[in-house]
Amino acid sequence: MHKGTAIKRELKQAVSAAENVTNSRTLEVLARAGFAASGILHLLVGAIAIRLAMGGSGNADFSGAVAELSTQPAGPFLLWASFAACAALALWQTSDAIFDYNRLPTKEKAGKKAKAGAQALVFAGLALTLLSFARGTGSGGDNQRAASDMTVNLMKAPGGVALLVVLGIAIAVTGVVYAIRGLRKSFEKHLVMPANQKARTGVTVLGVTGYVAKGIVLFLTGLLIAIATLQAHPEDSTGLDGGLRALRDQPLGVYLLAAVGAGLICYGVFMIVRARLAKMNQ
């Protein structure tokens, strides 16, 4: 009995130590930098989307954005710094999912923890993409191939088709949620809004435009996954780049793609601003 009590006490101390580390000031600064790194990548994706609308080339996804980042002056430094920042933000979000929101009602707690966990996965994915380029093993279009390969492999697995359709629908619904969040300006509650009215208006405009654009992109990406699965054409499931190219192929698609690209640039600027204004402890 005494031994069991000692083990429980040690586990509790270990959990407390882990929580203290993940709530440290150093990790918070790095996690804030993660928002900025994500913002830069969204800026680049938006710029590539506009380039595609104008008849240019490029991969309008995060591997394409990281590839462009690697070509900039001090490219290796930018890649490693962005990797560290995104990894820190993924760790911070993981900490939120594990340690935070425990005093909330069960339903609200579960929702917030799930959201934090999903965000942790997103930033971990960005960190892994950045790491592959920093180590020299990444290439533009990696996200396209990963999305296509995942679709092929899942379609071969028992129940994989249904799972992929559900995944596509879930991503599309997430896109709708993003757009609604932008239109309702609900992102503002996660920020310490500036006192200056013009600055507040600027942040709000960037947030609304950016969230709606991000929502459109996620909706198209999810829709493409579901349609490619139902039509048994897994090669058509090419992630973010495929969704944007599908938009370009619609009537007036060139203009729509340019508008979405501009919106993604706004989202990128918003994320850079969020690095300064985010409420990290909620």
Legend entry - Residues, nucleotides or ligands: over 12 heavy atoms within 6.0 Å of Met54 CE: no
Legend entry - Nearest heavy atoms of Leu27 and Ala88, plus distance in Å: CD1-CB, 3.7 Å
Legend entry - Any Asn59 side-chain heavy atom under 4.5 Å of Ile48 side chain: no
Legend entry - Any Trp92 side-chain heavy atom under 4.5 Å of Asp96 side chain: yes
Inset, instruction - Report yes or no: does Thr209 contribute a side-chain atom to a donor-acceptor pair with the main-chain N or O of Val205 at less than 3.5 Å? - result: yes
Legend entry - Leu218 side chain reached by Val173 side chain, heavy atoms, under 4.5 Å: no
Inset, instruction - May I ask whether Phe123 and Leu30 are part of the same hydrophobic cluster, defined by side-chain heavy atoms of I, L, V, M, F, W, Y residues being less than 4.5 angstrom apart, directly or through others? - result: no
Inset, instruction - Decide, yes or no, whether a salt bridge links Lys279 with Glu188 under the criterion of side-chain N to carboxylate O below 4.0 Å. - result: no
Inset, instruction - Taking all heavy atoms of Pro194 and all of Leu277, pick out the closest pair and write down the distance. - result: CD-CD1, 3.9 Å
Inset, instruction - Using modelled atom types only, decide if a donor and an acceptor are shared between the side chain of Thr94 and the backbone of Ala90 within a distance under 3.5 Å. - result: yes
Inset, instruction - Kindly compute the distance separating CG (Leu191) from CZ (Phe270), expressed to the nearest 0.5 Å. - result: 4.5 Å
Inset, instruction - Can you label the angle between the Tyr267 ring and the Tyr211 ring as parallel, tilted or perpendicular, going by 30° and 60°? - result: perpendicular
Inset, instruction - Indicate yes or no: at least one non-hydrogen side-chain atom of Leu131 is less than 4.5 angstrom from one of Arg135. - result: yes
Inset, instruction - Mark yes or no: Arg32 above the aromatic ring of Phe35, with NZ or CZ under 6.0 Å from the six-membered ring centre and no more than 45 degrees from the axis. - result: no
Legend entry - Trp80 to Ala134 - nearest heavy-atom pair and separation: CE2-CB, 3.5 Å
Inset, instruction - Evaluate the side-chain proximity of Leu44 to Leu69: yes if any heavy-atom separation is below 4.5 Å, no if none is. - result: yes
Inset, instruction - Heavy atoms only: give me the nearest Leu41-Leu130 pair and the separation to one decimal. - result: CD1-CD1, 4.5 Å
Inset, instruction - For the pair Glu68 (side chain) and Gly64 (backbone), establish whether a donor and an acceptor sit closer than 3.5 Å, ignoring hydrogens and angles. - result: no
Inset, instruction - Please name the pair of heavy atoms, one in Leu78 and one in Pro73, separated by the smallest distance, quoted to 0.1 Å. - result: CD1-O, 3.7 Å
Legend entry - Point-to-point distance, once rounded to the nearest 0.5 Å, from OG1 of Thr174 to CZ of Arg181: 9.0 Å
Legend entry - Cluster overlap Val269 with Met193, hydrophobic side-chain contacts below 4.5 Å: yes
Inset, instruction - Check the hydrophobic clustering (I, L, V, M, F, W, Y; side-chain heavy atoms under 4.5 Å; chains of links allowed) and say if Phe77 and Leu126 are grouped together. - result: yes
Legend entry - Inter-residue atom distance Leu206.CG - Ile265.CD1, 0.5 Å rounding: 11.5 Å
Inset, instruction - In sequence, state the C-alpha distance, the side-chain angles, and the governing distance for Lys214 and His42, and then conclude on side-chain contact (heavy atoms from CB on, under 4.5 Å). - result: CA-CA 9 Å; Lys214 175 97 175 190; His42 279 88; 2.8 Å; yes
Inset, instruction - Check step by step if side-chain contact (heavy atoms from CB on, under 4.5 Å) holds for Thr129 and Phe133. - result: CA-CA 7 Å; Thr129 299; Phe133 277 83; 4.1 Å; yes
Inset, instruction - Can you see which heavy atom on Phe187 is nearest to which on Val203, and at what distance? - result: CE1-O, 4.2 Å
Inset, instruction - Answer yes if Val122 and Leu167 sit in the same cluster of Ile, Leu, Val, Met, Phe, Trp and Tyr residues linked by side chain heavy atoms under 4.5 Å apart, and no otherwise. - result: no
Inset, instruction - Supply the atom-to-atom distance Leu257 CG to Leu252 CG, rounded to the nearest 0.5 angstrom. - result: 12.5 Å
Inset, instruction - Say whether Leu183 and Val217 are linked into one hydrophobic cluster, either directly or through other cluster members, by side-chain heavy-atom distances under 4.5 angstrom. - result: yes
